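Heads up, the thing below is written out as structure tokens.
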Amino acid sequence: MDFVAGAIGGVCGVAVGYPLDTVKVRIQTEPKYTGIWHCIRDTYHRERVWGFYRGLSLPVCTVSLVSSVSFGTYCHCLAHICRLRYGSPDAKPTKADITLSGCASGLVRCLATVAREEGLRGLYKGSSALLLRDGHSFATAVLCECLSPAGHSHPDVLGVLVAGGCAGVLAWAVATPMDVIKSRLQADGQGQRRYRGLLHCVVTSVREEGPRVLFKGLLINCGRAFPVNMVVFVAYEAVLRLTRGLLT
């Protein structure tokens, strides 16, 4: 059920965050845009509302798979750690256990995302940047444990909302520079190839556009992350609680 709940949560997250994700990618890969509102106005002027949802059907299908693998990996990894350390998969994990499971989930999510977007060959294009971007992202799931009431293994609905939103903002605040580089490496090659690798992309981008280029999309990433992660985590927990209620 962790895999199923993760898939449903992923679909809900896509529905909420796709328009802002479209704007974010365009800001990071098209130097003509001077800011968020410039990109939004230009996109709406040229493509109307549909421009913000272009290509939505594919992410709805693929993100659900990535989210399913991510949540499923996290829960199963945590269960194995608890079984090895404490003798039972249902034992209460420490923050270190949660962080380790979260990092493993982030790495699996990273590889699944690259394979989804570019196929197996894509694992060699922008993968190093994506590893640095996503490797730590699910480690912030420790917030859920911190917000759980005393004597409970899971937070209440409000705790899930806050933990999911804050986890997303914290992850993207750290990950935005590598997200910029990842987007540029993956967009490279559509015309004349410019970058020889991750380091060359960083140096070239900073030299041509200044250090601020590494934080393009930071505001929209953080603004998008809170509602998207909030919806993903709440949907995930809701599905699990529903199935537990049906099975008991």
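Not measured: the values here are computed from a predicted model.
- Counting heavy atoms from C-beta outward, Arg26 and Lys32 have side chains that stay 4.5 Å or more apart.
- Under the side-chain contact (heavy atoms from CB on, under 4.5 Å) criterion, Ala7 pairs with Ser64, Ser68, not counting sequence neighbours.
- The two atoms that bring Tyr33 and Thr43 nearest to each other are OH-OG1, 4.3 Å, heavy atoms only.
- Cluster membership for Val49 and Val25, using ILVMFWY side-chain heavy atoms within less than 4.5 angstrom, is not shared.
- Separating the CZ atom in Arg207 from the OG atom in Ser205 is a distance of 9.0 Å, to the nearest 0.5 Å.
- Criterion: ILVMFWY side-chain heavy atoms under 4.5 Å apart, direct or through other members. Under it, Val23 and Val180 are not part of a common hydrophobic cluster.
- In the displayed structure, Arg212 atom CZ is contacted under 6.0 Å by at most 12 heavy atoms of other residues, nucleotides or ligands.
- Among residues two or more places apart in sequence or in another chain, the side-chain contact (heavy atoms from CB on, under 4.5 Å) test is passed with His76 by Phe3.
- The side-chain contact (heavy atoms from CB on, under 4.5 Å) check on Cys75 picks up Asp2, Tyr236, with sequence neighbours excluded.
- Alongside Leu199, the hydrophobic cluster contains Val203 (criterion: ILVMFWY side chains under 4.5 Å).
- Stacking of Arg48 on the aromatic ring of Tyr44 is recorded, both the 6.0 Å distance cut-off and the 45° axial limit being met.
- Between Gln28 and Asn221 the shortest side-chain heavy-atom distance falls below 4.5 Å.
- With hydrogens and angles left out, the side-chain atoms of Thr29 and Arg184 include no donor and acceptor closer than 3.5 Å.
- Side-chain atoms of Arg83 do not come within 3.5 Å of backbone N or O of Pro89 as any donor-acceptor pair.
- Under a 4.0 Å N-O distance rule, the pair Lys24/Asp179 qualifies as a salt bridge.
- Arg196 meets the salt bridge (charged side-chain N to carboxylate O under 4.0 Å, His left out) test with no other residue; sequence neighbours excluded.
- Gly217 and Ile27 make their closest contact through N-CG2, 4.2 Å (heavy atoms, listed as atom of the first residue, atom of the second, distance).
- Scanning all heavy atoms of the two residues, the minimum distance from Gly6 to Phe71 falls at CA-CD1, 3.7 Å.
- Side-chain heavy atoms closer than 4.5 Å link hydrophobic residues (I, L, V, M, F, W, Y) into clusters, and following such links, possibly through other members, connects Ile8 to Val231.
- For Asp97, the side-chain contact (heavy atoms from CB on, under 4.5 Å) criterion is met by Leu78, Ile81, Arg85, Tyr86, Pro93, Thr94, not counting sequence neighbours.
- Taking each heavy atom of Val239 and Met1 in turn, the nearest pair found is CG1-CE, 4.1 Å.
- In this structure a side-chain-to-backbone donor-acceptor pair under 3.5 Å is missing from Ser67 to Val63.
- Ring-plane geometry between Tyr18 and Tyr53 is classed as parallel, the angle between the planes falling under 30 degrees on a 0 to 90 degree scale with a further cut at 60.
- Heavy atoms only, all atoms of each residue included: Pro211 and Val206 are closest at N-CG1, 4.0 Å.
- Among all heavy-atom pairs drawn from Gly13 and Val232, the shortest one is CA-CG2, 3.6 Å.
- Counting heavy atoms from C-beta on, the side chains of Phe52 and Leu20 never come closer than 4.5 Å.
- A single hydrophobic cluster is not seen to contain both Tyr74 and Leu84; linkage of ILVMFWY side chains at heavy-atom distances under 4.5 Å, directly or through other members, places them apart.
- His200 NE2 to Ile181 CD1: the interatomic distance, rounded to the nearest 0.5 Å, is 11.5 Å.
- The pair Glu30-Lys216 fails the salt-bridge criterion, with no side-chain N (NZ, NE, NH1 or NH2) lying under 4.0 Å from an Asp/Glu carboxylate O.
- Side-chain contact of Thr22 with Arg54: a donor-acceptor pair under 3.5 Å is absent, judged by distance alone.
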